[in-house]
There are 2 protein chains.
Amino acid sequence: MNQPESNTKVYIEIVRQLRVMIEKDGLKAGDKIPSERELSERLNAGRSSVREALRALELLGLIETRRGEGTFMRDFRGNQLVQLLSTFILQDEKAKKDVVETKKLIEMDCLQLASLKRGHESYGLKEWVLKQEDLKDDCFFQKVAELANNHLLFRIWQILKDYYHSLQMEISEPSGELYVKLAEALESGDQETILAAYRKLRNLSVD
Amino acid sequence: MNQPESNTKVYIEIVRQLRVMIEKDGLKAGDKIPSERELSERLNAGRSSVREALRALELLGLIETRRGEGTFMRDFRGNQLVQLLSTFILQDEKAKKDVVETKKLIEMDCLQLASLKRGHESYGLKEWVLKQEDLKDDCFFQKVAELANNHLLFRIWQILKDYYHSLQMEISEPSGELYVKLAEALESGDQETILAAYRKLRNLSVD
DNA sequence: AAAAAGACTGTGGTCAGACCACCAGGGAGA
DNA sequence: TCTCCCTGGTGGTCTGACCACAGTCTTTTT
């Protein structure tokens, strides 16, 4: 590497450089990344170091490599990474409880946010819910998370959702009526009503 | 690799094998992993392939390497994952607002959780606050996040905090008195009181 | 004998070069 | 025009080499 090196490992620096490059060139999903050999030359590093960086990013699901073709940006909303991590991470019981608990909290946050941020357009959530047949829980909350209009929170929710599913617990799908109720509560705009509807949906008592 | 090879890349197979090895040998955080050279021999693969696997796991925060010493298991209960993904994702202006907003939400969640989960020991938060001189905001909420007793949520908060600081905004440190008030509210156990105190601290109106 | 200096061994960190397998595109031949 | 093959570029992998560093053992010095 050229300047910003000191004691950081080369492959870490390469990851940094790649991120800069991606941002600067505005690379999107599907776009091609310079070849390993070119990168190693441009960044003044060995090809093996470049590979270490790329392999890491690949395992994270951020890029995709096709032999004989090249390396490409990926639409990293994927979750294969979460699956991998979860096999490593979610071992003790406490961690599982944390996931369940945190997911609920984030969902409540999303609801709250969504109710605060509506107004502009009365997002016809209720109509949408009614139109769906066999509404999936994830699907509903994905919608809510989007309405919250906070990309970061949405991402966090997605990750939690994936973790949640990897827990392999028996998941109860509430009846469709409860979603309608929740949608109505959301449009009422009253925090208490919303939370009450959510608790009913999740079968919670106090928290 | 020996048997289970087909078209999967070697480094992926190594990751698999490592996971098996970790499970079989019951390796815990802090334990040492066989050296790269030994692994490459045991798994019948080149050292560079082993490295690619290890680097990937390292970037994921699952292992830690120390030059001259070896490679070690790491306490990976947090999700480095969020951290990494978001560095790639948080780029535009909207994202910054999301960070600020989300941090507040998470902090409120922590407060809520902390208030629900106390009871066992009346964590002398107020006393602790009073003892501190020149209390830092982060420091206070770190304490709260710990009291919430949810490692995952704690991690998320930490990450948000880091991002928050990287935003380079002018950060106002509230007066110490407000923290005392918040601590008192927390010990009262009443949700409304707590949120009101938090809003006053953060200078918020409704949300 | 005790302490300090040095050599040795094992580890990760990095690089260069060599193959291989694969894919796409272009040119030669039908 | 169509088909086939060749060639160049790409990722996939391995090997061997060298460096930097940490811990240990040995030797030297005090």
Side-chain angles (χ1 to χ4, degrees), chain A residues 1-18 21-22 25 27 29-74 76 80 84, chain B residues 1-18 21-22 25 27 29-74 76:
Chain A
M1 312 311 316
N2 7 18
Q3 311 87 26
E5 186 190 17
S6 52
N7 46 23
T8 53
K9 309 181 191 184
V10 173
Y11 91 99
I12 293 285
E13 183 55 29
I14 302 218
V15 169
R16 269 177 36 79
Q17 295 287 339
L18 277 174
M21 194 178 301
I22 288 169
D25 300 356
L27 295 185
D31 288 351
K32 189 161 180 237
I33 289 177
S35 78
E36 297 180 351
R37 289 170 176 86
E38 184 182 337
L39 281 175
S40 92
E41 198 171 341
R42 287 226 312 239
L43 300 179
N44 195 25
R47 193 182 155 210
S48 47
S49 293
V50 171
R51 293 204 99 243
E52 289 180 9
L54 290 179
R55 270 347 95 219
L57 293 182
E58 183 181 60
L59 197 64
L60 278 171
L62 299 175
I63 60 173
E64 175 187 6
T65 59
R66 295 200 280 272
R67 169 189 275 176
E69 297 183 62
T71 306
F72 303 84
M73 296 288 300
R74 196 168 159 178
F76 37 75
Q80 114 269 11
L84 198 146
Chain B
M1 313 310 316
N2 7 18
Q3 312 88 25
E5 186 190 17
S6 52
N7 46 23
T8 54
K9 307 181 191 184
V10 173
Y11 92 98
I12 292 286
E13 183 55 30
I14 305 229
V15 169
R16 271 177 36 80
Q17 295 286 338
L18 276 175
M21 193 178 301
I22 288 169
D25 299 357
L27 295 185
D31 289 350
K32 190 155 179 256
I33 289 177
S35 77
E36 298 179 350
R37 290 171 176 84
E38 184 183 337
L39 281 175
S40 91
E41 197 172 341
R42 286 226 313 239
L43 300 178
N44 195 26
R47 191 181 157 213
S48 47
S49 294
V50 171
R51 292 204 101 242
E52 289 180 9
L54 290 178
R55 270 347 96 218
L57 293 181
E58 182 180 61
L59 197 64
L60 281 172
L62 300 175
I63 61 173
E64 175 187 5
T65 60
R66 295 199 281 271
R67 168 190 275 174
E69 297 183 64
T71 306
F72 303 84
M73 298 287 301
R74 203 171 154 181
F76 41 70

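First the proteins, then the strands, lettered A, B, ... as listed; each starts at 1.
Pairing each heavy atom of A:Tyr11 with each of A:Ala53, the nearest pair is O-CB, 3.6 Å. For the residue pair B:Pro34 and B:Met21, the shortest heavy atom distance occurs at CG-SD, 4.2 Å. Across all their heavy atoms, A:Ile22 and A:Met73 have their closest contact at CD1-SD, 3.6 Å.
If B:Ile33 and A:Gly46 are placed on DNA chain C by their nearest nucleotide, the residue sitting closer to the 5' end is B:Ile33.
The closest side-chain heavy-atom distance from A:Ile14 to A:Leu54 is not below 4.5 Å. By the 4.5 Å heavy-atom criterion applied to side chains, B:Arg37 and B:Glu41 are not counted as neighbours.
Of the inter-residue distances, the one linking B:Lys32 atom NZ with B:Thr71 atom OG1 reads 8.0 Å to the nearest 0.5 angstrom.
A:Arg51 has its CZ atom 17 Å from the P atom of C:dG17, to the nearest Å. The distance from atom CG of A:Leu59 to atom C1' of D:dG11 is 17 Å, rounded to the nearest whole Å. Separating the CD1 atom of B:Ile12 from the P atom of D:dG11 is a distance of 17 Å, rounded to the nearest angstrom. If you measure from atom CG of A:Leu43 to atom P of C:dA16, you get 13 Å, rounded to the nearest angstrom. For A:Glu36 and D:dG12, the CD to C1' distance is 8 Å, given to the nearest whole Å. When the P atom of C:dG12 is taken as reference, atom CZ of B:Arg55 falls 8 Å away, rounded to whole Å. Following rounding to the nearest Å, A:Glu38 (CD) and D:dT10 (C1') show an atom-to-atom distance of 12 Å. At whole-Å resolution of the value, NZ in A:Lys9 and P in C:dC15 are 14 Å apart.
Closest to the side chain of A:Glu52, out of D:dT10, C:dT14, C:dC15, is C:dT14.
Between A:Thr71 and D:dT10 there is no side-chain polar atom (N or O) within less than 4.0 angstrom of OP1 or OP2. Here A:Ser40 does not reach the OP1 or OP2 of C:dC15: none of its side-chain N or O atoms lies under 4.0 Å away. The side chain of A:Ser48 contributes no N or O atom lying less than 4.0 Å from OP1 or OP2 of C:dA16.
Using a 4.0 Å heavy-atom distance criterion, B:Thr65 is classed as a sugar-phosphate-only contact. If you check every strand for non-hydrogen atoms under 4.0 Å, A:Ser35 touches sugar and phosphate atoms only.
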**Study point:** Annotated protein contacts, base or backbone, on nucleotides 18-25 of chain C with a non-hydrogen cut-off under 4.0 Å, one of B, S, - each
**Key:** BB-BBBS-
Practice item. Assess whether side-chain contact (heavy atoms from CB on, under 4.5 Å) is satisfied between A:Leu43 and A:Val10, documenting all intermediate values. Key: CA-CA 10 Å; A:Leu43 300 179; A:Val10 173; over 6 Å; no
